[in-house]
Every structure is written in C-alpha cells, then in structure tokens.
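Heads up: the structure comes next, in structure tokens.
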There are 4 protein chains.
Amino acid sequence: MTEKSRRKPRQARAQATVEAILEATFQLLEESGLTKLTTNRIAERAGVSIGTLYQYFSDREAILFALSQRQSDNVRKKITELVLENPETSAVRAIIRALMNGPTGSHQTRLILSDALFRSGGSDVMSRQHFAFLDSVSGQLSFDFPHGREAAFILTHTVVQLLRAAAAEPELDLNPEVLEDELVHLLESYIENLTSRFAPAKS
Amino acid sequence: MTEKSRRKPRQARAQATVEAILEATFQLLEESGLTKLTTNRIAERAGVSIGTLYQYFSDREAILFALSQRQSDNVRKKITELVLENPETSAVRAIIRALMNGPTGSHQTRLILSDALFRSGGSDVMSRQHFAFLDSVSGQLSFDFPHGREAAFILTHTVVQLLRAAAAEPELDLNPEVLEDELVHLLESYIENLTSRFAPAKS
Amino acid sequence: MTEKSRRKPRQARAQATVEAILEATFQLLEESGLTKLTTNRIAERAGVSIGTLYQYFSDREAILFALSQRQSDNVRKKITELVLENPETSAVRAIIRALMNGPTGSHQTRLILSDALFRSGGSDVMSRQHFAFLDSVSGQLSFDFPHGREAAFILTHTVVQLLRAAAAEPELDLNPEVLEDELVHLLESYIENLTSRFAPAKS
Amino acid sequence: MTEKSRRKPRQARAQATVEAILEATFQLLEESGLTKLTTNRIAERAGVSIGTLYQYFSDREAILFALSQRQSDNVRKKITELVLENPETSAVRAIIRALMNGPTGSHQTRLILSDALFRSGGSDVMSRQHFAFLDSVSGQLSFDFPHGREAAFILTHTVVQLLRAAAAEPELDLNPEVLEDELVHLLESYIENLTSRFAPAKS
DNA sequence: GATGAATGAGAGTTCATTCAT
DNA sequence: CATGAATGAACTCTCATTCAT
C-alpha cells in the first residue's frame, strides 16, 4: 500500500524504461483487457526483461497504480487548462468536461485504471482528486456547512462514479454532450440546494 | 453473457445444494474476501464435492453472479416493503434507504457482489433495478422530458454508485443517516431541476 | 477385457436402449470427436439417464467396443454380399471394396473405432476379421507355406492399416477407385510372389 | 497445427532442460504407458518444475510430438547409415531394417509416438519420411507412372503401418527376421508389378 | 543494472462412475 | 429397471515472482 515504486529512476535510460513499461501496459489493456494482462506480457511488449520490470515496480498492482496516477494527473492538468482557457465556463462544467475527456483509452481501460486508483490509494491518492475538486468548487460555495463530510463526498464522487458506470455500460450508448449537461445540472442543483440550506439568502 | 447455470435442480436435494453453495460463498466472502474465494473452498465449506458445485455453476463467476442477483432481489423486495409500510415517506428516500439497508454483509462483500452484477449482467439485471427505480420515481415526475436516457441514467445510477464508492472507502467513515439525507437532497434537487426545465409551471 | 456387456438385453425395450446408446455415440463421434465423447453426453443424447447407460455397458470403452464390432460386422456382411453378387470379381478385390465401403462415418470416426477394436479385442475380435479374410483368400493360395504367420499377418493387415492411414491423412486426397486398384495390385502381386516361392509351377 | 514450442532455449541450461523433459517422457512411456503420462509426472521425473515444462511446451501433446520427431529423425539417420554401410543391400530392405531397428523403446512406446506424429504433423512431418522413402526407392523405379499419388502412398506407408500393427499385437509374436523378409517381398513384388505395368520391357 | 530460466502453489475444471431414491 | 445427484481423484495449465548468471 505505502511505498510502491522501488528505484527512483534518475537517469534518462531508466526513465525511458519506466515509460516503455507503462506504455506497454496501456496498450495491452486496450488490446485484451485486465485478465490477459500479465507481467511477462508487459515486459515482453515493453522490450525489457521481466527482471528489469521488477526493478522498477514492486508488483503488478504497482504498475496499474502508476498508470492510473498518470491518467489522474492528466485530468488535473486538463482541469487547469480548461479553467484558464474558458474562464467564462462554470468550474463545475470545466471539471466534468475534464473528467470526461482527460483520460485516454477505451471505456474498459478507464474503468480498470479507475479501479486500480481506488484500490491502492483509496486515501492517499483519491483524496488528492477529492480535494482538488473541492478546492475548485469551494469558490462557488464560500461557506462552511454542517454535514460537510458527506456533502463533500457527494460533490467529489458523483461525477467520477457516474462516468465509471457509464463506461461500464457502453450498451446504454449515452450521448456525451447531453450527459455532460445533465451532470452539470445534477451538481449545480445540489450546490444550490446546499446553499439554500446553509447560507440563506443574504438579502 | 453465455449460459451460466448448468443443471436445473429438479429435486429438493439439489435445491438445498445450490442454497448451501451460495451460503458458503457469502460466508467466505465475509471472512476473507474475493481473492481467497476459490471454488474448492466454497465446495468444502458448503459440504459438497467440487464436482457437485460444477454441476450447478459453470464457473466461479457464475456463483458470484447468482449471489449478487439474490442481493439485488432483496433490495427490490425491501423497496416494495418500505413503500408499503411508510407511504408518507417520499419514494426517493424509501429507495435510498432500501439500497443502504437491503443488502446484508460487509461493505467489502457488497462491493464485490455489486461488481459481479455489473460484470455479468450489466444490461440484463442492472436494468431491472434501473427500471424498478424509474417506475418508483416516475410518479413524482409525471411528465416526459427530453434527454430522457441520460437523465434516467443519472436517476437510476447515482445512488448505487455513490454507495458503492462509500463502501470502498470505509476510512471516510461517513455517517449513514447524514449520507441518506444528503443523497435525498441530491436526487430531489435534481428532480426539481428536471421539473422546472421540462414541465414549467402550468399557471 | 473379457466380459464387457453386463446385462444381455432380451426384451425389445432394452434392445432399443442399447440401440439408442450406440447411435448416440456414433453421432457424437461424428460431430465432435473422441475427446468430447463423454458418457454423460452419450446418455443425454440417447435420451436415457447415465445410470441406465451403465446398466448396459460396463464402461466407456465397452460402448466404443460394441460400436466398432458393429462396423466390423457390417464389413463382414458386405464381403459376403459382394462375393455373392459378383462372383466374377476376385476375392481380394471384393474384400478391399468391402473394407472401403462397409463402414459408415467420417474418416476420423472410422479411425477411432478401428483403434477401439484394436485395443479391446486385439486377439479376440480382430482375429475374427483376420481369419475371415484368410479363409476368403485361401482359396487362391490352396497350399501351406512356411513363414505362414508373418505372411498371413501381412495378408490380413495390409489393407486395413493402409486404409486407416489414408483416413488419417485426408489431405492426401487419394482417389478411392485408384487406391482400390493399387491395393488389389499390391496384394495380388504379393500372393503371386508367395505362390511362386512356395508352390512352384505345377507344369 | 498452431504454434507448438514456446520459448526457444537460448542458454545451454535451457537446452538441457528440454533434453531432460523429453528423456523423462520417454522413460515414463516405457514404464507405464500413455494414460499414466501426465505433465506433472514428466516434470517431476525430469527434475524440473511444472512451470518450467510449460515454458518449453505448450501442452502435453507438444511433448509427445517433439519426442516422436526425434524418433523419426533417428530413423532417417539410420536409413542413411545403413545404405552407406551396406550398399549391396537393396534400398527397400535397408529402409525396412531401419524402420524396424531405428526407434528405441518398447512396441507400445513406438506405437504411441507414431500416433503422436500422425496426429500433430500428419502432413508436415510424416511427408518428410514419405518423400525420403520415395527418393530412396525411386532409383529402383526410374520412371514416372500414372496413379502416382496412390502408388506412392502405398510405397511409403505400407511398412510403417504394418510395423505399427505388429507392435500393437505383440501376442502374435511375429519373428522379426521373417517379417523383414516378407515385407521386402511384399514391397518388391509391388514395385515389380508397377514396373511391368508402366515400364514394359524395352526390348 | 539487466537478463531470463526457473519456480510451484494452486486455480479452475472434467468425467467416469456409484448408489440412494 | 430407471434415475440423476453426487462424487473426488486427477488433470492441465497460469502467472507473479525470484535469483543465479
């Protein structure tokens, strides 16, 4: 759970090795899913020996974890990007858009990586996203409210979990733009509800 | 996806065997989680031979699936029950309460079973809950709205997915009653939002 | 090895059961080969319970054996038939023709049944064919010769084994009529050779 | 048919491992036959782990196939050897002698390996022997004849198949030298017959 | 640092056969 | 006679991981 990576790759060659391993993992996930993903196959695809792989990652889970962190970093970058580019767009929409478009890969792959993130860093990492989200939204709330932990949980998890569910059920064939709209409505009406309950009209 | 159950138990003895297998599976899940759950252990705990187990279930997944369907049936029963007992309670709250209290077992177990349901019956079974939920809520909507598929998806999946997430992160230690309240707020404010958008005041 | 069948079916119904089992076995062999042939599947296809199956056959091998005996009986019948119908045809050709056209079923099935006959009755049953063949041919030889056992072995086994090989290599796509001709040449030239060695010209 | 060997052994150690596996397989075949031959037993006898075995052979069949190829190579070597050593001996006799004495192991083992060769490489490998045989004999024929494919089939398969049958029926207790003689007669009289039909006297 | 041969516990699964009903 | 639920030894095969080279 705690210390996952073994050797911190300082040299360029090592960095490239790590890169190759993660890229190979991603490709294999896309091609044949989690059950076919074995450390040996990853090493082979990455063009390194299985021994080398284990010099950079303590176990299979660590690889998935690293890859999922990457996706998650992408999302964060995307959020910042979007907010800077379209200052007029609401923060909520920016975040939702980032969550929808940030991660690359098929639905299945996203799902797998999101679960890996879940498993390994429940507290560590997920909370980073958690709080990043909260920070972004907090501008709109600008007050403290009771039930804070549960409400915060809802604010931070609703979109991620619904996108996960949508990814898991591709046969529903939901329209991304419409879904984005509805998610914005869902969150914004909840925020409004929170506001009306805990920060009654100042007028 | 394919054909999951093998032999249809005609004799009473066979029915009891299936029962024993599912009960054993549940116990083992509670005790030691998914990774320790092997077909041999299940058979042993159930007091049947491994061969017998394979006469009724095509593989390990099929057992999990059957068990999860059971849980899901329980939830549906609970919903009906609650609605009948407390007609005054809003349908939304009744359903949320059922989803929270219906399934027995630890958080982990619920999570595992919910995932099994997801995997195997994504469309088949999950949608039953989906539409059961919709039916219950539809009284409150009493109108058709565009964006129906996406909105319906949100209505039916939000609570389940958030409870799943909460189960996966027990360290957040959310207060169930407060969470229930907030989920009700979340959904009800979204329903209100839908109403205001698509069924403007008749006056 | 010795006593294979359990209950001798005297009643018509029992006879029909045995029939059904053998027919089912044949069908399954044709459809999916030996490895997929299980006693349970045979019983199912025959429309009897597995218990019933075991009342008529001591084990799986016994079923194959009975079926192969049937094929072998067919061949014998065919030989008699052909000899009676075409008295002008040489005995050798008649036998070869019977061996080629007697057994029904695909190449693979013939192969399997021929092997079953081999295994179970190496001495018992195969020799029946063996001696039947010899008897038919002996008219042409009409003398005793040394090396009798080895020569007889060759006379009785060559055609069967070559047809077996031809069945096992369908990709050679041999022409049946030409093959028949060549087999006749093969055997007849050998018989002539035997004659010239051991029964020098009477003139 | 598909891809049989997995890892190509690059290091000397690996080569030795493959060797040990094949040797172990041969020993076990000799000792207890095909039905008792399991991959686990092979690995144990070879002194390697079951995992190692599966790094070099995709399944049990692949091991049998490799072993049978070895036998087949031995035979070819033996043929060359015999022809070189005894140029006076007819090619036919040399080949028959090689087929009888080339392969080591009991009758049963030979039978099993010959069947394995049949199954897996029906066309690929068997034909190598096929054509090797033909080449050797062709000196004696020195002409083209119609019915080539069927006659060639007979020339190349008769001896192998009869020896197979003889191996399968040890209770016949045929005398090897006499059998060799008779096989020579069988083939040579057929060759003569072919000659007289297709290359009539040049006079 | 890199390699890749070796490991081996243990997973899922099959199927001929028995025997209580 | 027929049934079919139950058996369980035995099998094949996988894969994360180690460690001598």
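Convention: sequence-line order gives letters A, B, ...; per-chain numbering from 1.
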When the distance from CD of B/Glu44 to P of E/dG12 is rounded to whole Å, what number comes out? 14 Å
Rounded to whole Å, please give me the gap between CD in B/Gln55 and P in E/dA16. 13 Å
For F/dG8, does OP1 or OP2 lie under 4.0 Å from any side-chain N or O of B/Ser49? no
CD of B/Gln15 versus P of F/dA6: gap in Å, rounded? 11 Å
Mapping B/Gly47 and C/Thr17 onto DNA chain F by nearest heavy atom, which one lands closer to the 5' end? C/Thr17
Between E/dT14 (C1') and B/Tyr56 (OH): distance, integer Å: 17 Å
Apply salt bridge (charged side-chain N to carboxylate O under 4.0 Å, His left out) to A/Glu19 and list each qualifying residue two or more places apart in sequence or on a separate chain. A/Arg70
Nearest whole Å is fine: how far is E/dT14 C1' from B/Leu53 CG? 13 Å
Just jot down the side chain to side chain donor-acceptor pair (under 3.5 Å) partners of D/Thr52, sequence neighbours excluded, or say none. D/Ser49
Taking for each residue the nucleotide of DNA chain E with the nearest heavy atom, is it A/Val48 or B/Thr52 whose nucleotide lies nearer the 5' end? A/Val48
Under a 3.5 Å cutoff on both atom distances, Watson-Crick or G-U, what's the dot-bracket for DNA chain E ([ ] crossing, | other strand)? .||||||||||||||||||||
Anything under 3.5 Å between a protein N or O and an N or O of nucleotides 10-12 of chain F, put it in a table, one pair a line.
{"residue": "F/dC11", "atom": "OP1", "partner": "D/Arg41", "partner atom": "NH2", "Å": "3.1"}
{"residue": "F/dT12", "atom": "OP2", "partner": "D/Thr39", "partner atom": "N", "Å": "3.1"}
{"residue": "F/dT12", "atom": "OP2", "partner": "D/Thr39", "partner atom": "OG1", "Å": "3.1"}

Go through the structure and list residues passing side chain to side chain donor-acceptor pair (under 3.5 Å) with B/Thr17, not counting sequence neighbours. none
Distance-only check: which donor-acceptor pairs under 3.5 Å involve side-chain atoms of residues 25-37 of chain C, not counting sequence neighbours?
{"residue": "C/Thr25", "atom": "OG1", "partner": "C/Ile21", "partner atom": "O", "Å": "2.7"}
{"residue": "C/Gln27", "atom": "OE1", "partner": "C/Arg45", "partner atom": "NH1", "Å": "2.7"}
{"residue": "C/Gln27", "atom": "NE2", "partner": "C/Glu23", "partner atom": "OE2", "Å": "3.2"}
{"residue": "C/Glu30", "atom": "OE1", "partner": "C/Ser106", "partner atom": "N", "Å": "3.3"}
{"residue": "C/Glu30", "atom": "OE2", "partner": "C/Ser106", "partner atom": "N", "Å": "2.7"}
{"residue": "C/Glu30", "atom": "OE2", "partner": "C/Ser106", "partner atom": "OG", "Å": "3.3"}
{"residue": "C/Glu30", "atom": "OE2", "partner": "C/Thr109", "partner atom": "OG1", "Å": "2.4"}
{"residue": "C/Glu31", "atom": "OE1", "partner": "C/Arg45", "partner atom": "NH2", "Å": "2.9"}
{"residue": "C/Glu31", "atom": "OE2", "partner": "C/Arg45", "partner atom": "NH1", "Å": "2.9"}
{"residue": "C/Glu31", "atom": "OE2", "partner": "C/Arg45", "partner atom": "NH2", "Å": "3.4"}
{"residue": "C/Ser32", "atom": "OG", "partner": "C/Leu28", "partner atom": "O", "Å": "3.4"}

